[in-house]
Amino acid sequence: MSEVKTEKTMATEADVDNLYAELLEKIKKVHQNEDEIAIINKAFEVAKKQHGDQKRRSGEPYIIHPIAVADILVHLGMDYQSLVAALLHDVVEDTDYTLEELKAEFGGEIAVLVDGVTKLGHLQFSEKDSREEQQAENIRKMLLAMSKDIRVIVVKLADRLHNMRTLEYVAPQKQRDKALETLEIFAPISHRLGIRSVKEELEDRAIRFLDPVAYAGIEEQLNNFNTSGNEFLNNIKSRILERVRETVPDATISGRIKSVHGIYRKMYMQNKQFSEIYDIYAVRIIVDSIGDCYNCLGIIHDMFSPLPGRFKDYISTPKPNRYQSLHTTVVGKDAIPFEVQIRTWEMHRTAEFGIAAHWKYKIGMTSGSGAAFNDGLDWIKEMLEAQQETGDVRELVSSIKTDLVPDEVFVYTPKGDVINVPQGSTIIDFAYAIHTAVGHKMMGAKVDGRIVPLDYVVKTGEIVEILTSSQQGKGPSRDWLNIAKSSKAKSRIRSWFKNEKRDENIIEGKAEIEREFRRNYIRLTEEEYDSFIKKLAARQRMDSVDDFYAAIGYGGLSVSKQMPYIKEEYHKNYDKSHTEEVPSVKQPVRRKSKDGIIVDGIDNCLIKFSRCCNPLPGDSVIGFITRGHGVSVHKADCVNVPKDIAHCAEPERWVKVHWDAKTSDKYSATITVTCLQRVGLIADISQQIANMKVNIVSLTTHDTKDGRSVIVVTVQVEGIEHLKSIASKIEKVHGVISVER
């Protein structure tokens, strides 16, 4: 199925019955129940009547498409309800036939399948709803149906596969849009369900339209390889079969050349040459037992030289889609590397057909919805829960792109449990993959016995120990949202802040939206600002403005993603009646903070002074909005302040601050005194400071090799001028060489 060929045959009205007759013959080989066959025939007649004279863009009768989808499902071995749903899957969307009529005629189970596959064409999206939001809403509906009956997605994948086979008949831009959606959404889902043949064909056909030049180049190189490649594979297979059958008489061996998309990923995403791809050739050995798998592995490593780091044991650590196999890459005397996959027949059926194998081979199958398999489909529920927590349907698209990718990492806990996470996952992702409570209480981690930072990227085979805190309510940090890669970890972190830090979220969200308004020159009076925010909150289905601010504060809503709509509404309803003199945003009344700092545009926020430069009143200062800890105040010439803020990584987080002229607070300042070594020096310096009625916070000293002493003293001062007067007094002490801040 994975070979990409464009369908050129144009079926006519006269061909339809013949095509269905061919399909029926295939169906009868796997479904002998006459009642089931009768329902399938009835579904075909209803579909044929309802679609009537409708044509596809290719000019063929529309009924050809449902027949083709059913044919794909027969190949996958799906049950008769799935075949009926395939034949009827477009009648509700594209004809006058209603879902209620379908339910009355074919039953609720088939109606659920058809409704799950049906797109949201009957829903009314406003012009303001982006294409991304519409796509995400379709996927949400599909996942909801999948959570009730997994067969929904198998039918949908077959539907998408046939559409990709006939994609040449649609407009070029739609070709690219469909191909991209297929590559980012449907291929990862088919991978997670383990349906390899569908996954590979979807990927190859998508690349053909997304990058036709690269596709043609790879196809040409593969064609050049075909003659010599097939000869090489046949030779290798015969050599392996001869040796393996001495120990495992019933072993079966086959060979294949890597798919176009598999080569494309390595050439264009990993920047490799065609000659550098080691698994263009692959040999598959299928045996009867797990013991035979490992026996064959020993034989292969005895016959050929294994490449270091290229052995993977997916039998002891299966992939999330239940894939099991031994993988090893070896090199023969001709210096051509090739991959060997070793598995049992049961593993092979799961690898080829994935979730569909349960229907094809009746493994643990119960009549009805197939609930026996839903235990392995927790990822669907996790995605839906994550979307419900954030309130953003686009979270689903992001989850599929990041969490259902083919590459996974297998990491061990200290107890030997295997935890699989997406490639590129950090310590934070690993902690939340174990359990939400472990993630919330995490304070650090060890990898193979050594302490690592939280942004450490875990690798297959490592033993990771999560260090947790017993302190109640400590919880995660907002910075973790920037470190975590998996949607599961991010959603759990957001959920914690949503439930535990509402007041802080409101302050953070309000500050963020005011910053974004200033950056985008959105200028409103106080009255307009309030009404505008209420409108934005209502659009996000928030019950109150505070809920809106809180959602932004904990990361459930992104202001930057909403900005196109915000700017459009602003220019349409407010901008025309204002001049440049109108204040840029509702300005709160400035009030002196407890630390003597006023932050422009933000009222009564948490202030902390950075330890890297210890600013004092009189210093030129600037503020940096931290995540969850208010505004950190730096000296303007601090080494941690970018020289060009406009072009730094996050310019919107740097804000103007200034000292309150009326402040009478005390501030800690540290000075370093370099002096000659002599008895009584520390006492003299302390006496000078005491004479000025200045409190000493701390004092440390150490001697240098050149015969000098260095005294570091922290004192409480009122500002920069006060500190200068203290330094000048200390400089007068006998033996003092210099005093520096």
Side-chain angles (χ1 to χ4, degrees), residues 451 453 592-599 606-626 629-645 647-649 653-741:
I451 296 288
K592 168 181 170 291
S593 77
K594 64 178 181 179
D595 295 304
I597 283 287
I598 293 175
V599 182
L606 181 65
I607 296 293
K608 69 173 184 176
F609 294 99
S610 62
R611 294 181 181 179
C612 53
C613 56
N614 288 321
L616 296 173
D619 286 327
S620 177
V621 288
I622 189 169
F624 180 76
I625 299 175
T626 65
H629 301 288
V631 174
S632 176
V633 179
H634 294 255
K635 289 171 61 179
D637 58 356
C638 175
V639 293
N640 291 318
V641 176
K643 295 188 183 301
D644 186 358
I645 289 177
H647 296 92
C648 69
R653 294 177 67 182
W654 292 96
V655 294
K656 291 181 179 180
V657 301
H658 61 272
W659 298 99
D660 188 342
K662 299 179 181 179
T663 182
S664 58
D665 293 338
K666 300 285 187 181
Y667 303 88
S668 293
T670 302
I671 54 177
T672 301
V673 182
T674 304
C675 49
L676 299 173
Q677 292 180 7
R678 71 171 178 85
V679 176
L681 180 63
I682 295 177
D684 291 345
I685 292 174
S686 299
Q687 187 60 50
Q688 280 283 30
I689 296 174
N691 290 340
M692 299 182 69
K693 295 183 170 45
V694 172
N695 183 43
I696 297 177
V697 178
S698 66
L699 186 148
T700 61
T701 180
H702 67 274
D703 296 335
T704 62
K705 293 180 179 179
D706 58 2
R708 297 181 178 184
S709 292
V710 175
I711 301 171
V712 179
V713 58
T714 301
V715 294
Q716 285 191 330
V717 298
E718 296 172 358
I720 188 67
E721 295 303 324
H722 189 196
L723 181 64
K724 286 179 180 179
S725 66
I726 294 172
S728 67
K729 291 287 187 182
I730 294 175
E731 285 175 345
K732 295 176 181 179
V733 174
H734 174 65
V736 172
I737 299 171
S738 65
V739 180
E740 296 178 354
R741 182 180 174 186

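We're numbering straight along the sequence, starting at 1.
Rounding to the nearest 0.5 Å gives a distance of 12.0 Å between OG of Ser620 and NE2 of His658. Put simply, CD1 on Ile720 and OH on Tyr667 are 12.5 Å apart, with the number rounded to the nearest 0.5 Å. Separating the CD atom in Glu721 from the CD1 atom in Ile726 is a distance of 11.5 Å, to the nearest 0.5 Å. How far CD of Glu718 is from OG of Ser725: 9.0 Å, rounded to the nearest 0.5 Å. Note that the NZ atom of Lys729 and the CG atom of Asn691 stand 8.5 Å from one another [nearest 0.5 Å].
Between the side chains of Thr714 and Thr670, at least one donor N or O sits under 3.5 Å from an acceptor N or O. Defined by atom type and a distance below 3.5 Å, a donor-acceptor pair is missing between the side-chain atoms of Gln688 and Asp684.
Counting heavy atoms from C-beta outward, Val713 and Ile689 have side chains that approach closer than 4.5 Å. Between Cys675 and Arg708, every side-chain heavy-atom pair lies at or beyond the 4.5 Å cut-off. Proximity of Ile597 to Phe609: side-chain heavy atoms (C-beta onward) are separated by under 4.5 Å at one or more points. A heavy-atom distance below 4.5 Å is not found between the side chains of Asn695 and Val715. The side-chain heavy atoms of Val673 and Val710, taken from C-beta on, include no pair separated by under 4.5 Å.
When all heavy atoms of Val633 and Pro615 are compared, the pair lying nearest together is O-CG, 3.5 Å. Considering every non-hydrogen atom in both Val697 and Ser668, the closest pair reads CG2-OG, 4.2 Å. Residues Ala669 and Leu616 approach most closely at CB-CD1, 3.7 Å, considering heavy atoms. The nearest pair of heavy atoms linking Gln716 to Val694 is O-CG1, 3.5 Å.
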How far apart are the C-alpha atoms of Trp654 and Ile625, what are their side-chain angles, what is the distance that settles it, and do they pass the side chain to side chain contact (heavy atoms under 4.5 Å, CB included) test? CA-CA 6 Å; Trp654 292 96; Ile625 299 175; over 6 Å; no
Begin with the C-alpha distance, continue with both residues' side-chain angles, and end with the deciding distance and a verdict on side chain to side chain contact (heavy atoms under 4.5 Å, CB included) for Ile671 and Ile730. CA-CA 10 Å; Ile671 54 177; Ile730 294 175; 3.6 Å; yes
Criterion side chain to side chain contact (heavy atoms under 4.5 Å, CB included) on Leu676 and Leu681, from CA distance to verdict: CA-CA 9 Å; Leu676 299 173; Leu681 180 63; over 6 Å; no
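The side chain to side chain contact (heavy atoms under 4.5 Å, CB included) with Ile711 is formed by just one residue from the set Ile682, Val736, Thr674, Thr672; it is Ile682.
Within a 6.0 Å sphere centred on NE2 of His702, heavy atoms belonging to other residues, nucleotides or ligands number more than 12.
The closest donor-acceptor contact from the side chain of Gln677 to the backbone of Ser709 lies at 3.5 Å or more, if one exists at all. Trp659 places a side-chain N or O within donor-acceptor distance of the main-chain N or O of Asp619, the cut-off being under 3.5 Å. Listed for the Arg741 side chain is no donor-acceptor partner under 3.5 Å among the backbone atoms of Lys724.
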